[in-house]
Amino acid sequence: MTNWLPNLAAGKGPLYVRLADQMEDAIMTGHLPAGSKLPPQRNLAFDVKVTIGTITRAYSLLHERGLVSGEVGRGTYVLPRPNGEAANDPVSASLAGTRPFVAPDDKIRFDSTAAPDVGQAEVLSGLMAEITRDHATDIASYTRSFPRQWFEAGAEWLACNGWRPAPETIVPTLGAHAAIMSVLTVLTSPGDKIVFEHFTYSQVSRAAGLAGRRTALVESDAEGVKPDDFERVCIQQHPKMAFVMSTTQNPTLATMPVERRKAIADIARRHNVWLIEDNLYGALTDSALPLIATFAPERTFVVDGLSKSVAAGVRGGWVACPPHFAQRVRIAHKMMTGGLPFLLAELGARFVLSGEAARIRDLCRREIAARVEIARRELAGFDFRSDTFVPFLWLKLPEPWLSATFKQAAYNDGVLIDDENEFKAGRSEKVSHRVRLGFSSSQDRTEVSRGMKIVRRLLENGAAGYDSVA
C-alpha cells in the first residue's frame, strides 16, 4: 500500500477535484505506479483532515477517468495505462472503461471476442475487388441509395429458429453497437431509464449515459433476467426500454428458457417497455430457442452483426424493427454515425448473400470449439461457465482472489483479461468474484494454451491475491 499523501493547499477548485487531480498527476509521474493500492478512504480522510465524503468523491472521479479500479472489501488500485498515456477527460474515460484501446505487443489478448482468423482475408480481397469493379462510382462518394440486397442480407442474417424479419423492417448499420444506439435514440429521450442487468455488455450502458439516458438495474440469475424483478423495475422506475441478450448473455453465458422469454415479453407489453434483443453470441450457438421477438414482435428490435462470427473489421450489422420504425431508425443511424459507407454495406451484403458469411461462421465455430476445449482442459477443476461455440468463459475466482487484483496479476504475467467491473452497467454493489477470458483474438491455439496455463498458475497461487504485510 502506498504512503503517498497529497497537498490540498495547492490547486484550484473543490477539495475532491484537487485531490483527484493530484492523484492523477502522481499516477502519470509514477509516484503511484500501476498496481499500487490507494489508502483506505477513512485513513486518507484522517491524514489530510477532510471528510470521508470528499475522499469518496475524489476516488469516484478517478474511476470515471479510467485510472483506478475498486472492489468492495478489497480496496482501490491504480490501473495500467496503455503506452503511459492518461485519459484526458471523463468522457474519454467513460468510453474506454478500464479496457485499453491499444494492447501492448507482449501481452496475450484474452480481453476480446472478435471472430478468430480463419482465412477471411482471401475472401475479403475477392469481394472487394468485385465491388470496386461493379461500383467504382458508388464507393468514391456518399451513399445516396440503398440497394434492396442490403435489406435482404439483413433479413437472412437475422433469421433465427423459425423467426424471419421482412426486408422492409431491416436497417443496415455500422455494426451491432451502432444499431443499438440508433434504436435507443429513436425510442427514448434524455432522462429516460433503460433496463440493464447488473453484469452485461456495459459499452451500451456507458454510451447511453453519454447520451443522457439513465440506467435501471435488474436482477438476473443463471437463466438470465428474472421476470419478477423486471416487473418490479417496470412498476417502480417506469423505464422506456430494456436491453437483453436472451441467448448466451455476455459475460455470464446465461440463456433464458422459453417460459422466461414469454414472461419478459408479457411484462414489457403490460408496461409499454421497448426491447432491444442482442443476438450476437446467440447466433453462434446451437440453441433452438425462439427469440423474444417471436412473442413480442410489435416492440422488439433484434440486433446482430458480423463481428463475433465473421469479421469484426467489416463493421457489418443489421437491426430488424417493429413495423413502421425502420425509416426512423435509419435516419437516427445516419445522424449518429454520419452515414453508412457504401463499400462496407455492400461488402456485408455480399458476404451474406454469397454464402461466404455462413461458411466462415462455420469455420469460426470450429476454431472456437477447439479453443474452448483447450480452455476446459487447462482450467479443469476450477469453476467456470462456457459454451462450445462461444469465444469466452466466465471464470469464478477461488479464495482469496478478487476480480481487480486477479486482473492486475494476470496483466503483470502477460495476459490481458476483463474483470467484472468492465461489465457493470452502473454503480452496483453486486460482486461475483469472476473474470471473463475471451480467447478468439489470440494468434493461434498454442497461444491460447500458453495463456490458460498462466491463468491456472495464478489461480493456484492464491497467496498472491493478498497484499504483503511486511
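When a residue number appears, it is its place in the shown sequence, counting from 1.
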Are K240 and D192 ion-paired here, with the side-chain N under 4.0 Å from a carboxylate O? yes
Taking the side chain as C-beta and beyond, is there a heavy-atom pair between M245 and N250 under 4.5 Å? yes
Salt bridge flag under 4.0 Å for residues K453 and E378: yes
Answer yes or no: is there an ion pair linking E356 with R350, defined by an N-O contact shorter than 4.0 Å? no
Determine the interplanar angle of the F423 and W394 rings, folded into 0 to 90°, and report it as parallel if under 30°, tilted if 30 to 60°, perpendicular if over 60°. perpendicular
Give me the ring orientation class for F196 and F243: parallel if the planes are under 30° apart, tilted from 30 to 60°, perpendicular past 60°. tilted
Side-chain H-bond candidate by donor/acceptor type, H333 with T173, under 3.5 Å: no
Are side-chain N/O atoms of K308 and T113 paired as donor and acceptor at under 3.5 Å? yes
In plain terms, say whether R260 and D221 are close enough for a salt bridge, that is, a side-chain N and a carboxylate O under 4.0 Å apart. yes
salt_bridge(D418, R436) N-O dist < 4.0 Å: yes
Taking the basic N atoms (NZ, or NE/NH1/NH2) and the acidic carboxylate oxygens, is any pair closer than 4.0 Å for R109 and E447? no
K396 NZ: over 12 foreign heavy atoms closer than 6.0 Å: yes
Can you check whether Y281 and F392 have ring centres sitting under 6.0 Å from each other? yes
Quick one: does S442's side chain get under 4.5 Å of I108's, heavy atoms only? yes
Under a 4.0 Å N-O cut-off, is there an ion pair linking R269 with E298? yes
Please tell me if the side chains of T185 and M336 come closer than 4.5 Å, counting only heavy atoms from C-beta onward. yes
May I ask you to decide whether E223 forms a salt bridge with R261, counting only side-chain N to carboxylate O separations under 4.0 Å? no
Contact between R232 and C234 at the side-chain level, heavy atoms closer than 4.5 Å - yes or no? no
Is there a donor-acceptor contact under 3.5 Å linking the side chains of E231 and Q236? no
Between S440 and R371, is there a side-chain donor-acceptor contact under 3.5 Å, judged purely by atom types and distance? no
Answer whether the closest heavy-atom distance between the side chains of T215 and K193 falls below 4.5 Å. no
Short side-chain to backbone donor-acceptor contact, R315 and L174, under 3.5 Å: yes
With a 4.0 Å cut-off on N to O distance, would you call D111 and K407 a salt bridge? no
State whether the side chain of S202 and the backbone N or O of E422 hold a donor-acceptor pair below 3.5 Å, judged by distance alone. yes
Quick check: are there more than 12 heavy atoms from other residues, nucleotides or ligands sitting under 6.0 Å from CD of Q443? no
Would you confirm whether S220, through its side chain, and V225, through its main-chain N or O, come within 3.5 Å as a donor-acceptor pair? no
Considering only NZ, NE, NH1 and NH2 on the basic side and carboxylate oxygens on the acidic side, decide whether D362 and R359 come within less than 4.0 Å. no
Any donor-acceptor pair under 3.5 Å linking the side-chain atoms of E277 with those of T300? no
With a 4.0 Å cut-off on N to O distance, would you call D419 and K424 a salt bridge? no
Looking at every non-hydrogen atom in both residues, tell me the closest pair between A178 and T337 and how far apart they are. CB-CG2, 4.1 Å
Under the 6.0 Å and 45° cation-pi test, does R299 pair with W274? yes
Between T252 and Q249: side-chain donor-acceptor atoms closer than 3.5 Å: yes
Kindly say whether the aromatic ring centers of F342 and W150 come within a distance under 6.0 Å. yes
